[in-house]
Each structure stands twice: as C-alpha cells, then as structure tokens.
Protein chains: 2
Amino acid sequence: MDKMTQLPPKDPELDALIGYQLQMARLRLMDAAYAVLAPYGISPARVTALALIRAQPGLDQSALGRALSINRASAMKLVNLLVERGLVERRAGRNLRSHALHLTGEGETRLPEMIARLRDSEAPLLADLSSTDRATLLQLLQRIHDPLSCD
Amino acid sequence: MDKMTQLPPKDPELDALIGYQLQMARLRLMDAAYAVLAPYGISPARVTALALIRAQPGLDQSALGRALSINRASAMKLVNLLVERGLVERRAGRNLRSHALHLTGEGETRLPEMIARLRDSEAPLLADLSSTDRATLLQLLQRIHDPLSCD
DNA sequence: TATTGTTATACTCTATAACTATA
DNA sequence: TATAGTTATAGAGTATAACAATA
C-alpha cells in the first residue's frame with residue numbers, strides 16, 4: 001500500500017482570515033513559551049499577570065481581571081495561585097474592600113528571568129523575519145488590540 | 001472619595017513580546033468571532049475544522065487533529081459534535097480502520113456563510129489598517145506558523 | 001509494530017450565580 | 001446602589017491512558 005503522504009490541508013478563505021492566522025501563529029509561540037516556562041511551573045498568561053502587577057503596583061484584583069479580560073472570579077483564582085507560588089502578595093488596599101497586589105521579592109527576582117526566557121523562546125520562530133518585520137508586526141498587532149496606541 | 005481612573009497597566013517588556021501582542025489581538029478578534037457565530041452555535045475553531053475538511057475531503061480524524069494541533073481523542077469529540085450538528089459525515093475510509101470525513105450538504109451550505117460572517121467580524125477591528133497593512137500582517141503571521149510558505 | 005478509532009478520566013481556564021462586606 | 005472579594009458550580013477544550021481493530 002502506498003502511503004499517500006498527506007500534507008496538512010489548506011483553505012484559501014481560511015488563510016485570508018486574520019483571526020485564523022493569528023491563532024495558528026499563537027499555537028506555535030505558545031508551545032515554545034510553555035516549554036521555556038516549565039521550570040517555573042507557570043503559564044505565559046501568569047507571566048502577563050505578574051508583569052501587569054509590576055507595571056502598576058497596588059492594582060486590585062478586579063482591575064487585574066479587566067486588564068486580562070477575565071472576570072473577578074477567575075482573577076481571584078489566578079491571584080490565589082500566584083500567592084501560593086510566593087510571587088505575589090495581597091496588601092491592605094486603598095479601602096477596606098479591595099486588596100493591593102504587589103510582587104514579592106521572589107516575584108521581582110523571577111519575573112525578569114521569565115520574560116527573558118519568553119523572549120528567547122520567540123527568537124527561533126522569528127528567525128526568518130528582519131528586525132523591521134518584527135517591529136512592523138508588533139505595531140500592527142498593537143493597533144488591533146489597542147487602537148488608541150496608534151499615535 | 002475621588003475615583004482615580006485606573007488606566008489598564010502597561011509593561012514595556014511585555015509589550016515587546018510578540019506572543020503577548022498576539023494573544024491580546026486574538027482576544028479582541030475572538031470576541032467578535034464568537035458573537036457573529038452565535039446563531040450557528042459553533043466556535044471559530046469548529047469553522048476551521050469545517051474548512052480543513054472542505055479543503056481536503058476524505059481526510060481522516062487523526063489527520064484533522066494534526067492540522068489543528070490537537071490529539072486523536074480531542075479530534076474525535078470535535079468530529080462527533082460536527083456530525084451531531086449535521087455538518088459533517090463519516091464515510092467509509094481508504095481502509096477499514098479510518099473514516100473519510102466529508103461535509104454534508106448542510107455543511108457545504110453553511111460554511112461559506114460562516115466564513116463570510118467571520119470576515120465581517122474582523123472588519124471593524126481592522127478599520128485603522130490600510131489594505132497594504134492587512135496584507136503585510138497576514139503574510140508576517142503566516143511566516144511564523146508556516147515558515148515553508150514564504151516563497 | 002504502528003496506526004486509527006474509541007472510551008473513560010482528569011486537568012486547566014473561564015464563566016455564572018449567589019453571598020458578604022464595604023463605598 | 002454599586003463595587004470588591006469570595007465561594008460553589010458548571011462548561012468548554014484539551015490531555016493521558018488504555019483497549020480493540022486493522023495495516
């Protein structure tokens with residue numbers, strides 16, 4: 001029996017959808033990201049949360065949730081996990097019903113390492129792109145998710 | 001008490017990661033995609049599966065799974081759902097242990113509608129991009145997930 | 001031996017809904 | 001009234017492991 005090598009199917013209409021290309025590119029990058037973060041036992045999305053907390057120390061859980069496009073209950077679970085890992089702490093907030101989120105010393109130490117690893121993990125996948133291409137890609141993506149930032 | 005309007009936090013290191021920008025742009029596009037597909041009771045990923053089956057009729061479940069980067073068991077559940085919806089059918093395959101996947105008549109009718117809706121859903125988010133920008137974005141994304149396609 | 005389909009089970013992430021406390 | 005946190009529960013999507021049938 002001849003094996004009839006099956007190339008992955010391709011559909012021109014599908015290929016023309018930004019959402020599809022975005023998803024496929026993301027799958028590749030995510031695989032690489034999970035691999036380099038394995039030693040930290042943390043997902044790329046968790047690193048995002050840490051970076052947002054660092055960028056705005058004292059943020060409360062609901063605001064973190066909004067920044068990540070997840071709801072309060074999901075933000076709660078996320079923060080619980082980061083606290084368990086010793087990367088984040090809940091301090092007294094600006095009023096009695098909200099917490100102020102801060103990185104712990106451990107979090108401050110680990111976050112730059114994690115981000116460096118993520119950057120490394122992207123490199124092989126971007127090898128074919130010139131640095132101009134990469135800058136263009138970053139800018140175009142940013143203009144989709146954050147239209148205000150096109151100054 | 002003054003309300004201290006909280007802008008969403010931004011981290012420069014995070015913003016420089018392609019994976020992060022990809023994820024954020026994808027969130028926006030996905031929200032729009034789910035909204036327009038609601039009448040079909042189907043997710044964007046399911047539309048992808050339908051398009052791949054249309055592109056290569058007779059595909060088996062394992063090959064579909066590989067094209068979607070999911071495993072056999074997950075591909076199984078996906079196909080079950082598409083069959084229940086009357087969009088896909090399992091026909092006799094090229095041997096006795098594999099099925100040949102095909103769109104039903106209903107599937108052939110609905111798929112182009114769904115893709116048209118997805119295309120419409122992207123338009124508002126891409127409004128700020130010129131058609132050159134969109135082509136560039138498509139091409140750059142394609143070069144990440146499918147390096148062979150840069151001809 | 002390797003591949004395909006199948007089933008059962010479990011994990012991750014997220015959402016909804018309801019409740020408490022505070023603003 | 002509206003907001004922040006919390007808890008319990010449920011759903012979607014995926015993975016692993018095991019097995020049967022076929023190549």
Side-chain angles (χ1 to χ4, degrees), chain A residues 1-6 23-24 26-27 30-31 33-35 37-38 40-49 53 58-85 88-101, chain B residues 1-6 23-24 26-27 30-31 33-35 37-38 40-49 53 58-85 88-101:
Chain A
M1 266 280 157
D2 47 0
K3 172 96 168 276
M4 220 182 290
T5 316
Q6 297 219 13
Q23 168 67 2
M24 298 308 282
R26 185 179 150 272
L27 278 176
M30 282 304 215
D31 281 351
Y34 271 99
L37 291 179
Y40 297 96
I42 232 177
S43 67
R46 307 263 161 73
V47 177
T48 299
I53 293 169
L59 196 70
D60 72 25
Q61 291 181 185
S62 294
L64 177 63
R66 284 190 294 271
L68 292 168
S69 297
I70 59 179
N71 71 9
R72 275 178 304 158
S74 301
M76 173 78 191
K77 287 183 72 172
L78 170 61
V79 172
N80 282 345
L81 190 144
L82 295 175
V83 168
E84 279 166 30
R85 290 276 199 286
V88 165
E89 59 188 10
R90 292 179 169 107
R91 297 191 195 153
R94 66 186 191 296
N95 62 49
L96 285 176
R97 80 180 172 200
S98 68
H99 293 146
L101 301 176
Chain B
M1 265 283 156
D2 46 3
K3 173 96 169 279
M4 217 184 289
T5 316
Q6 298 218 12
Q23 168 68 2
M24 298 308 282
R26 184 179 151 273
L27 279 176
M30 281 304 214
D31 281 349
Y34 272 99
L37 291 179
Y40 297 95
I42 232 178
S43 66
R46 307 263 161 73
V47 177
T48 299
I53 293 169
L59 196 69
D60 72 27
Q61 292 181 185
S62 294
L64 178 62
R66 284 190 294 271
L68 292 168
S69 297
I70 60 179
N71 70 9
R72 273 178 305 156
S74 301
M76 173 79 190
K77 286 181 70 172
L78 171 61
V79 171
N80 282 345
L81 189 143
L82 295 174
V83 169
E84 280 166 28
R85 290 275 200 286
V88 166
E89 58 187 11
R90 293 177 168 106
R91 297 193 195 149
R94 68 188 188 295
N95 62 49
L96 284 177
R97 79 180 171 201
S98 67
H99 293 146
L101 301 176

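First the proteins, then the strands, lettered A, B, ... as listed; each starts at 1.
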Kindly write out the residues that satisfy side-chain hydrogen bond (donor to acceptor under 3.5 Å, both in side chains) with [X], not counting sequence neighbours, or none if the list is empty.
X: Glu89(A); answer: Arg91(A)
X: Ser98(B); answer: Asn95(B)
X: Ser69(B); answer: none
X: Asn80(A); answer: Arg90(A)

Problem set entry | Residues in side-chain contact (heavy atoms from CB on, under 4.5 Å) contact with Ala75(A), at least two apart in sequence or another chain | Ile70(A)

Taking atom [atom2] of [N] as reference, at what distance in whole Å does atom [atom1] of [X] sit?
X: Leu78(A); N: dA15(C); atom1: CG; atom2: P; value: 12 Å
X: Arg94(A); N: dA21(C); atom1: CZ; atom2: P; value: 20 Å
X: Arg72(B); N: dT4(C); atom1: CZ; atom2: P; value: 8 Å
X: Leu96(A); N: dT6(D); atom1: CG; atom2: P; value: 13 Å

Exercise. Is there a donor and acceptor pair, one atom on the side chain of Arg97(B) and one on the base of dT4(C), closer than 3.5 Å?
Worked result: no

Exercise. Given dT6(D), dT7(C), dT4(C), which nucleotide is nearest the side-chain atoms of Met76(B)?
Worked result: dT7(C)

For this session: Under 4.0 Å between any heavy atoms, over every strand shown, what does Ser74(B) touch: base, sugar-phosphate, or nothing? Just pick one.
Result: base

For this session: Mark yes or no for whether Arg85(B), through its side chain, and Gly41(B), through its backbone, hold a donor-acceptor pair below 3.5 Å.
Result: yes

Distances under 3.5 Å only, N/O to N/O: pair up the protein atoms with those of nucleotides 10-13 of chain C.
| residue | atom | partner | partner atom | Å |
| --- | --- | --- | --- | --- |
| dC13(C) | OP1 | Arg46(A) | NH2 | 3.1 |
| dC13(C) | OP2 | Arg46(A) | NH2 | 2.3 |

For this session: Please tell me which of Ser69(B) and Ala73(A) maps to the more 5' nucleotide of DNA chain D, matching each residue to the nucleotide holding its nearest heavy atom.
Result: Ala73(A)

